[in-house]
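Below you'll find the structure, written out as structure tokens, and then a few comments.
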Amino acid sequence: MGDTVLSQFRPGAEKQEIDTSKILKVGVIGTGWIAEAHTETLLECPDVKIVAFADPIPGKAEKFAARYGIADAHFYPNHKEMIDCEQLDAVHVCTHNKMHAECAGYALDHGVNVLLEKPMTVTLDEAVELCKKEKISGKLLSVGFQPRVDNNMKKIVQIVQSGELGKVYYIQTGGGRRRGIPNGAFIEKKTAGIGAVGDIGCYSLDMVLNAIGYPKPLTITGYKSAYFGANPQYNGADAARFDVEDFAAAFIRLEGDIVLDFRISWAMHLDTPGDTVILGTEGALRIPSTECWNGADFKEMTLYRDVAGSQVEMKIPLCPPVEGGLFYGKIRAFLDAIKYDLPAPVPAKQILINQAIIDGIVRSAELGHEITVDIPEI
């Protein structure tokens, strides 16, 4: 099963030799689907020892570890007991969304570095509290956006930051699937808290916000619906328990006189809601749409410019794959940040803004009008 997860983020070039003079002790919280990719990747790292697993379902963590031949780990019914009993360098939080803030916060409070799967949290208030805990603890809180290590994603940042587009003033982004509603903990508020906007919308938001330096949102007009997820015709028996959004859209005003036009979907009568487009005063960049901006299916970009009075379109060649694959790159960057006292690869203070937008879309949609966004200073 884990091979299916990791296959989305490979192939990759050969991995570099790792310094094994220091072995990091790691605990995994939650042993569901995404924990497979984390565990398989950690097992590829010679400077890591997985010493513990935590999962509230009796016997689940034990079976999970046995599948990977991990015979000497300790098992706990919750994250608190694991963190209290083990001397950990880091935890990987692989729980459903609703538990992200609690698990990550407890780890930081107890001096443990955290790699937190996306979305960072469910609400803005939770994200603010995590950032405060990170600052007090002096430990790392990195959020699991593996597209950040993709060379094509880095190229977007390079193009925008180079000034090729001039001043960016409008961005259209999003993505989605014609049919792609997940199951399990993703579709209920009691476990997920939020739906498509948090699951895959956070990726497309990070792609464009990271390119423009993560300006703060000022106002948001949001919309969300569940016409497919809550309909047995499209979602079968799962429709009865579906109570999150399967579609979301928003009009977001950002600092710096930038407008962000966003839409995301788990299901719709369309193959894509449109490409990502970044418009600037000197040029524009078109990034072909994918079902999910997780870095798994990147297509060739086009740069539009005027050159010597002619309107020019330039194809940007696809970049070479990342060493070891995207998931390995994400986890390796986190481990190296711990070992060599580097900044968090995906800083929580940036993803706080991502979460503020997600939170604002949901709140605006529920209120039925535009809202003003206020992000407290950390």
Side-chain angles (χ1 to χ4, degrees), residues 2-31 33-53 65 68-70 73 88-94 104 107-108 112-118 120 134 139-158 202-203 206-207 210 293-298 318-351:
D3 289 342
T4 302
V5 181
L6 282 177
S7 67
Q8 299 179 66
F9 313 111
R10 288 177 171 155
E14 291 296 318
K15 298 188 283 287
Q16 294 180 349
E17 185 176 347
I18 303 299
D19 176 12
T20 57
S21 60
K22 175 177 174 56
I23 302 299
L24 298 174
K25 295 180 180 179
V26 175
V28 178
I29 304 173
T31 55
W33 179 73
I34 199 62
E36 297 174 357
H38 280 261
T39 299
E40 291 178 16
T41 303
L42 287 169
L43 290 173
E44 295 178 12
C45 299
D47 56 344
V48 168
K49 182 175 178 58
I50 305 176
V51 299
F53 293 90
Y68 294 106
I70 304 172
L88 298 170
D89 294 297
V91 293
H92 288 224
V93 179
C94 303
L108 291 168
V112 180
N113 298 291
V114 178
L115 179 56
L116 176 60
E117 261 302 328
K118 59 79 193 170
M120 182 178 179
E134 180 196 30
K139 295 298 179 178
L140 292 179
L141 172 60
S142 189
V143 186
F145 285 91
Q146 69 275 352
R148 284 287 192 99
V149 304
D150 180 75
N151 290 321
N152 296 294
M153 291 291 187
K154 292 179 179 179
K155 181 61 68 176
I156 296 171
V157 178
Q158 292 170 357
C202 64
Y203 280 132
D206 186 63
M207 174 176 65
N210 187 43
W293 290 109
N294 62 8
D297 185 26
F298 208 92
L318 289 175
C319 297
V322 175
E323 173 188 317
L326 298 187
F327 223 88
Y328 178 87
K330 168 175 78 173
I331 290 178
R332 188 68 256 167
F334 172 64
L335 298 173
D336 287 345
I338 296 172
K339 291 178 68 172
Y340 304 118
D341 195 26
L342 302 173
V346 183
K349 64 182 180 181
Q350 288 184 344
I351 309 308

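Val28 pairs with exactly one of Val51, Leu115, Val93, Ile50 by the side chain to side chain contact (heavy atoms under 4.5 Å, CB included) rule, that one being Ile50.
Pairing each heavy atom of Pro321 with each of Asn151, the nearest pair is O-ND2, 3.8 Å. In terms of heavy atoms, Leu140 sits closest to Pro343 at CD2-C, 4.1 Å. The shortest non-hydrogen separation linking Ala90 to Ile338 is CB-CD1, 3.7 Å. Here the closest non-hydrogen pair linking Val26 and Leu88 is C-CD2, 3.9 Å. Closest approach of Gly30 and Cys94 over heavy atoms only: O-CB, 3.8 Å. The minimum heavy-atom distance linking Pro46 with Ile23 is given by the pair O-CD1, 3.6 Å.
For Asn113, there are no side-chain hydrogen bond (donor to acceptor under 3.5 Å, both in side chains) partners, not counting sequence neighbours. Partners of Ala348 according to the side-chain contact (heavy atoms from CB on, under 4.5 Å) rule, which considers only residues two or more places apart in sequence or in another chain, are Met120, Cys131, Glu134, Leu141. Taking the side-chain contact (heavy atoms from CB on, under 4.5 Å) definition, one finds that Ala333 meets it with Pro345, sequence neighbours left out. With sequence neighbours left out, Lys49 forms a salt bridge (Lys or Arg N to Asp or Glu O under 4.0 Å) with Asp72. Under the rule for a side-chain contact (heavy atoms from CB on, under 4.5 Å), the partners of Asp89 that lie at least two apart in sequence or sit in another chain are Lys22, Leu24, Lys25. Not counting sequence neighbours, the partners of Ser21 by the side-chain hydrogen bond (donor to acceptor under 3.5 Å, both in side chains) test are Asp19. For the side-chain contact (heavy atoms from CB on, under 4.5 Å) test, residues two or more places apart in sequence or in another chain that qualify with Leu342 are Ala337, Tyr340. With sequence neighbours excluded, no residue forms a side-chain hydrogen bond (donor to acceptor under 3.5 Å, both in side chains) with Lys139. With sequence neighbours excluded, the residues that form a side-chain hydrogen bond (donor to acceptor under 3.5 Å, both in side chains) with Glu117 are His38, Lys330.
Atoms CD1 and CZ, from Ile351 and Phe145 in turn, are 4.5 Å apart once rounded to the nearest 0.5 Å. Met207 CE to Phe298 CZ: the interatomic distance, rounded to the nearest 0.5 Å, is 7.0 Å. Atom SG of Cys319 and atom CE of Met153 lie 11.5 Å apart (nearest 0.5 Å). Atom CG of Asp206 is separated from atom CD of Gln350 by 7.5 Å, given to the nearest 0.5 angstrom. Here Glu44 contributes atom CD and Phe327 contributes atom CZ; the two are 11.0 Å apart, rounded to the nearest 0.5 Å.
Applying the salt bridge (Lys or Arg N to Asp or Glu O under 4.0 Å) test to every pair with at least one member in residues 339-350, sequence neighbours left out, gives these pairs: Asp47-Lys339.
The closest side-chain heavy-atom distance from Thr39 to His92 is not below 4.5 Å. By the 4.5 Å heavy-atom criterion applied to side chains, Leu335 and Cys45 are counted as neighbours.
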Original post:
Stepwise, does the side-chain contact (heavy atoms from CB on, under 4.5 Å) test hold for Ile70 with Phe53?
Top reply: CA-CA 10 Å; Ile70 304 172; Phe53 293 90; 3.7 Å; yes
Original post:
Given the rule in the side chain to side chain donor-acceptor pair (under 3.5 Å) test, do Glu40 and Tyr68 qualify, once you have shown the distances and angles that lead to the verdict?
Top reply: CA-CA 8 Å; Glu40 291 178 16; Tyr68 294 106; 3.0 Å; yes
